[in-house]
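Have a look at the structure below before the remarks.
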Amino acid sequence: MRVVISIGGAYFADAVRIKNMAAALDELVEHPSGCGLYAVTGGGAVARHYIAIARELGANEAICDYIGIALTRVNARLLISALRNAYPEPFYDYTSVRAKLPELESCGKIAVMGGVTPGYTTDAVSAILAEYINADLLLNVTTVDGVYDVDPRKHPNAKRYSRLTAKELVRLTTECDLRAGSRIVIDPVAAKIIERSGIRTVVLDGSNPRNIIDVIINGRQHGTEIT
Ligand code: UTP
């Protein structure tokens with residue numbers, strides 16, 4: 001099974017969280033089922049902090065996006081530092097990952113990459129990568145336990161979906177703010193890619209990284225499944 005995991009920036013805030021996430025990814029890639037793993041790292045609060053400074057200095061949104069991308073790549077390096085089975089350098093584009101597929105999978109190495117291009121977030125990077133390498137599953141690991149009708153951090157009565165069609169996901173995300181550093185569960189570009197590629201996608205809370213193993217190895221349901 002080939003899996004792309006998009007890991008929200010919150011999981012790179014300290015060494016303990018990075019170690020816990022890395023341990024789960026190492027366990028997955030070492031599992032006898034022989035899973036091929038591709039991790040995409042988010043930028044988190046540090047990215048938002050630098051984006052806010054750049055904006056205050058008058059930088060335009062594309063420049064702010066490039067600052068966000070730089071921070072996602074720092075987090076890729078942090079994750080690689082914590083993994084036993086990582087390919088030693090982060091990837092900067094999709095084609096380099098695809099070119100290395102046979103080597104990565106025959107050696108059981110995890111490919112790690114951050115952002116790529118202004119105008120979207122690492123949600124879209126992971127969806128494009130999943131489509132490009134024909135992944136079987138896309139996991140979006142965030143700090144909320146799935147997709148809600150409205151932001152549950154702001155609305156206590158928000159309704160969580162356990163299942164959602166890709167079309168419904170596109171509808172829910174089109175109204176989103178796409179400025180650099182926006183906090184959205186899935187960005188609209190990612191939703192459109194998920195819709196066109198038909199890739200099975202799960203959005204879940206990664207606070208307990210065992211949930212990731214549970215979804216991939218045990219086929220259990222956590223968070224929201226997009227079909
Ligand atoms: P994230 O992927 O971390 O944004 O990229 P996010 O999903 O809003 O945040 P978290 O990490 O899940 O909390 C951080 C910022 O970097 C820029 C965008 O400005 C994004 O908001 N970025 C990232 C790009 O412009 N292109 C990319 O390919 C990736």
Side-chain angles (χ1 to χ4, degrees), residues 4-14 17-18 20-21 38-79 90-97 111-133 138-148 151-154 169 172-194 201-207 209 211-212 223-224 226:
V4 174
I5 304 189
S6 170
I7 307 168
Y11 294 101
F12 303 96
D14 59 62
R17 271 182 265 194
I18 300 172
N20 288 342
M21 190 57 71
Y38 301 81
V40 179
T41 52
V46 184
R48 280 191 290 277
H49 175 69
Y50 280 97
I51 286 168
I53 294 176
R55 205 175 270 138
E56 220 177 300
L57 296 172
N60 64 37
E61 288 304 304
I63 293 170
C64 290
D65 278 342
Y66 272 117
I67 288 169
I69 291 168
L71 271 305
T72 64
R73 289 176 172 172
V74 169
N75 286 340
R77 291 233 179 243
L78 292 179
L79 182 60
F91 287 87
Y92 294 121
D93 57 63
Y94 310 105
T95 50
S96 314
V97 177
V112 183
M113 70 187 286
V116 176
T117 305
Y120 51 60
T121 75
T122 49
D123 296 339
V125 172
S126 59
I128 294 165
L129 180 66
E131 181 177 63
Y132 194 48
I133 64 171
L138 170 61
L139 281 193
N140 191 293
V141 181
T142 173
T143 49
V144 288
D145 58 349
V147 180
Y148 285 76
D151 187 346
R153 290 166 295 212
K154 292 184 196 146
L169 182 71
L172 274 176
T173 56
T174 37
E175 309 266 285
C176 284
D177 179 5
L178 243 193
R179 281 177 307 158
S182 306
R183 297 194 74 186
I184 44 180
V185 177
I186 288 262
D187 85 45
V189 181
K192 288 298 280 182
I193 303 285
I194 290 166
T201 303
V202 175
V203 180
L204 79 165
D205 178 11
S207 314
N211 290 349
I212 299 170
T224 301
I226 292 132

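What you see is a predicted model; the values in this text were computed from it and never measured. For ligands, and for the atoms within them, numbers begin at 1 and follow the listed sequence.
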N or O contact, Val116 vs ligand 1, cut-off under 3.5 Å
yes
Counting from 1 in the order shown, the ligand 1 atoms closer than 4.0 Å to a non-hydrogen atom of Gly42 are 3 (O), 11 (O)
- [ ] Would you sort out whether Phe12 and Val74 count as a side chain to side chain contact (heavy atoms under 4.5 Å, CB included), showing the intermediate values?
- [x] CA-CA 10 Å; Phe12 303 96; Val74 169; over 6 Å; no
Whether Arg48 lies under 4.0 Å from ligand 1, heavy atom: yes
Item to check | Thr122 side chain reached by Thr41 side chain, heavy atoms, under 4.5 Å | outcome: no
One should read off an interatomic distance between Tyr11 OH and Asn20 CG, to the nearest 0.5 angstrom, of 10.5 Å
Heavy-atom proximity to atom 10 (P) of ligand 1 ranks first, among Gly9, Ala45, Ala47, for Gly9
State whether the side chain of Ser126 and the backbone N or O of Val40 hold a donor-acceptor pair below 3.5 Å, judged by distance alone.
no
So the atoms of ligand 1 within less than 4.0 Å of a heavy atom of Gly119 turn out to be 25 (O)
Heavy-atom proximity to atom 15 (C) of ligand 1 ranks first, among Gly68, Ala62, Ala70, for Gly68
Do any nitrogen or oxygen atoms of Asp123 come within less than 3.5 Å of a nitrogen or oxygen of ligand 1?
no
For Val125, the atoms of ligand 1 under 4.0 Å from one of its heavy atoms are 28 (O)
Would Ala124 count as a contact of ligand 1 if the rule is a heavy atom under 4.0 Å away? no
Residues passing the ring-ring contact (aromatic ring centres under 6.0 Å, His included) test with Phe91, sequence neighbours excluded, are Tyr87
Are the side chains of Ile69 and Pro118 in touch, meaning some heavy atoms are under 4.5 Å apart? yes
I want to know if ligand 1 touches Tyr66 in the polar sense, i.e. an N/O pair below 3.5 angstrom. no
Arg73 meets the salt bridge (charged side-chain N to carboxylate O under 4.0 Å, His left out) criterion, sequence neighbours left out, with none
**Asked** Do ligand 1 and Ile51 have nitrogen or oxygen atoms that lie under 3.5 Å from each other?
**Response** no
Report yes or no: does Asp145 contribute a side-chain atom to a donor-acceptor pair with the main-chain N or O of Asp205 at less than 3.5 Å?
no
Could you say whether the N/O atoms of Gly43 and ligand 1 ever approach to under 3.5 Å? yes
- Query: Does Leu129 offer a backbone N or O that forms a donor-acceptor pair with the side chain of Tyr38 under 3.5 Å?
  - Reply: no
Whether the Asn140 and Asp123 side chains hold a donor-acceptor pair (N or O, under 3.5 Å, no angle test) is what I'd like checked.
yes
Quick note on ligand 1: atoms under 4.0 Å from a heavy atom of Thr72 include exactly 5 (O)
Within 4.0 Å of some non-hydrogen atom of Ile69, the atoms of ligand 1 are 16 (O), 22 (N), 23 (C), 24 (C), 25 (O), 26 (N), 27 (C), 29 (C)
**Report entry** Short N or O distance, Gly44 and ligand 1, threshold 3.5 Å exclusive
**Finding:** yes
inquiry  = Below the 3.5 angstrom mark, is there an N/O of Asp65, backbone or side chain, next to an N/O of ligand 1?
reply    = yes
dist Tyr50:OH -> Ile67:CD1 (nearest 0.5 Å) comes out at 10.0 Å
Quick note on ligand 1: atoms under 4.0 Å from a heavy atom of Gly115 include exactly 27 (C), 28 (O), 29 (C)
